[in-house]
Peer 1: 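Input: one structure, supplied below.
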Amino acid sequence: ATSTSIKVKSGQNWTLKATISGPASSEFGSSIDMDQSGDNVIIGAPALNTSFNNEGAAYVYSKLTNTSYTETQKILSTLTNAEARFGESVACNSNMSKLFVGGPGVNRFQRASGLVQKLSLGSITTNIHEGPTFSALATGTIKINGVGITASGHNVETIKDTINNA
C-alpha cells in the first residue's frame, strides 16, 4: 500500500476524513496508531529501502486541516540492516508523547534479535529496547562445538572472539 485512510465513525456510519500517501513499494500503512485527539498519527513503512532493502521507517503526521495531515517526522532505526523491517509495528500513547516502533529483523550480534525503539514526538531517540543483550560478564567454562574456554569476568563478545580464534 502507498496510502492510508483516516475515517471517523459517527453513529453507524464511517466518514473519510483524510488520505495520507507515503513512499511507493514501502508497505506504507501496514501498521498505524493515532493519538486520542486524532490530531497525530504514526504510520509504519517496513519495506522502505533507504540504505538497505526493507530497512523500514515510521512516519509521524499531524493534522493540518480537518481533511489533511502533513508529515512532521520520519523515524529511522538507530541500528540498520537489510530486512530489519523497522516500522512493522507502531504504537503511541494517548497524547503522542511516547512513540514505539518495532523492527523484528533488526540484526544485533549477527543474529536477528529484533528491536523496539521508544521515542518522544519531535525528538531524537530517547530509549532503545533491543532483543537479548550480552553485556553481562560470564563466569565458568563455556564449550561450543568442543572448543571451550574458562570465562571469568569476560563479556560475551570477548568470549565469542576467543572461540572463533581458537
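Since this is a predicted model, take the numbers as computed values, not measurements. Keep in mind that the numbers below use all heavy atoms, side chains included, and drop hydrogens, waters and symmetry copies.
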Peer 1: Minimum heavy-atom separation for Ser30 to Gly87, with atom names?
Peer 2: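 In this case the closest contact between Ser30 and Gly87 is OG-O, 4.5 Å.
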Peer 1: So, do Thr2 and Ser21 sit near enough that their side-chain heavy atoms are less than 4.5 Å apart?
Peer 2: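 No, their side chains stay 4.5 Å or more apart.
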Peer 1: Looking only at non-hydrogen atoms, find the nearest pair between Ser5 and Leu16 and report the distance.
Peer 2: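 Closest approach of Ser5 to Leu16: CB-CD1, 3.8 Å.
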Peer 1: Would the number of heavy atoms belonging to other residues, nucleotides or ligands and lying under 6.0 Å from CD of Glu71 be above 12?
Peer 2: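 Result for CD/Glu71: enclosed.
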Peer 1: Among Ile42, Val41, Leu48, Ile32, whose side-chain contact (heavy atoms from CB on, under 4.5 Å) with Tyr59 holds?
Peer 2: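 For Tyr59, the side-chain contact (heavy atoms from CB on, under 4.5 Å) check succeeds only for Leu48.
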Peer 1: Starting at OG of Ser97, measure out to CG of Asn40 and round the result to the nearest 0.5 Å.
Peer 2: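 Answer for the OG-CG pair, Ser97 versus Asn40, is 10.5 Å.
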Peer 1: Sub-3.5 Å donor-acceptor pair from the side chain of Ser3 to the main-chain atoms of Thr19, do we have one?
Peer 2: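 It does not hold such a pair.
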Peer 1: State the NZ-OG1 distance between Lys17 and Thr67, to the nearest 0.5 angstrom.
Peer 2: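 So the NZ of Lys17 and the OG1 of Thr67 are separated by 8.0 Å.
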Peer 1: How many angstroms lie between atom OH of Tyr61 and atom OG of Ser68, to the nearest 0.5 angstrom?
Peer 2: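 Answer for the OH-OG pair, Tyr61 versus Ser68, is 12.0 Å.
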Peer 1: On a heavy-atom basis, which atom in Gly29 and which in Thr4 lie closest, and how many Å separate them?
Peer 2: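 Closest approach of Gly29 to Thr4, heavy atoms only: CA-OG1, 3.2 Å.
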Peer 1: Between Ser10 and Asn13, is there a donor-acceptor pair closer than 3.5 Å when you use the side chain of the first and the backbone of the second?
Peer 2: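 The answer is no, because no donor-acceptor pair under 3.5 Å joins these two groups.
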Peer 1: Hey, what do you get for CG (Asn81) to CG (Asn53), rounding to the nearest 0.5 Å?
Peer 2: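 These two atoms lie 11.5 Å from each other.
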Peer 1: What distance do Phe86 atom CZ and Thr50 atom OG1 have between them, rounded to the nearest 0.5 Å?
Peer 2: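 Nearest 0.5 Å value for the CZ-OG1 distance: 10.5 Å.
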Peer 1: Taking all non-hydrogen atoms of both residues into account, name the closest pair between Pro104 and Glu88 and its distance.
Peer 2: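 Nearest heavy atoms, Pro104 then Glu88: CD-CB, 3.6 Å.
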Peer 1: Please step through side-chain contact (heavy atoms from CB on, under 4.5 Å) for the pair Ile6 and Ile20, ending with a clear verdict.
Peer 2: CA-CA 8 Å; Ile6 307 292; Ile20 302 172; 4.1 Å; yes
Peer 1: Given side chains that start at C-beta, do those of Ile43 and Phe28 come closer than 4.5 Å, heavy atoms only?
Peer 2: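 Yes - at least one pair of side-chain heavy atoms lies under 4.5 Å apart.
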Peer 1: I need the full list of salt bridge (charged side-chain N to carboxylate O under 4.0 Å, His left out) pairs touching residues 30-59, with sequence neighbours left out, sorted by first then second residue.
Peer 2: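 The answer is Asp39-Lys63.
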Peer 1: Please report the closest heavy-atom contact between Tyr69 and Met34, naming both atoms and the distance.
Peer 2: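 Taking Tyr69 first and Met34 second, the nearest heavy atoms are OH-CE, 4.1 Å.
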Peer 1: Using atom types as modelled and distance alone, determine if a side-chain donor or acceptor of Asn54 lies under 3.5 Å from a backbone N or O of Ser26.
Peer 2: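 No: the side chain of Asn54 does not pair with the backbone of Ser26.
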Peer 1: Would Val90 and Phe100 count as a side-chain contact (heavy atoms from CB on, under 4.5 Å) here? Give the steps.
Peer 2: CA-CA 6 Å; Val90 297; Phe100 300 89; over 6 Å; no
Peer 1: Which pair of heavy atoms, one from Leu76 and one from Gly56, lies closest together, and at what distance?
Peer 2: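 Closest approach of Leu76 to Gly56: CD2-O, 3.8 Å.
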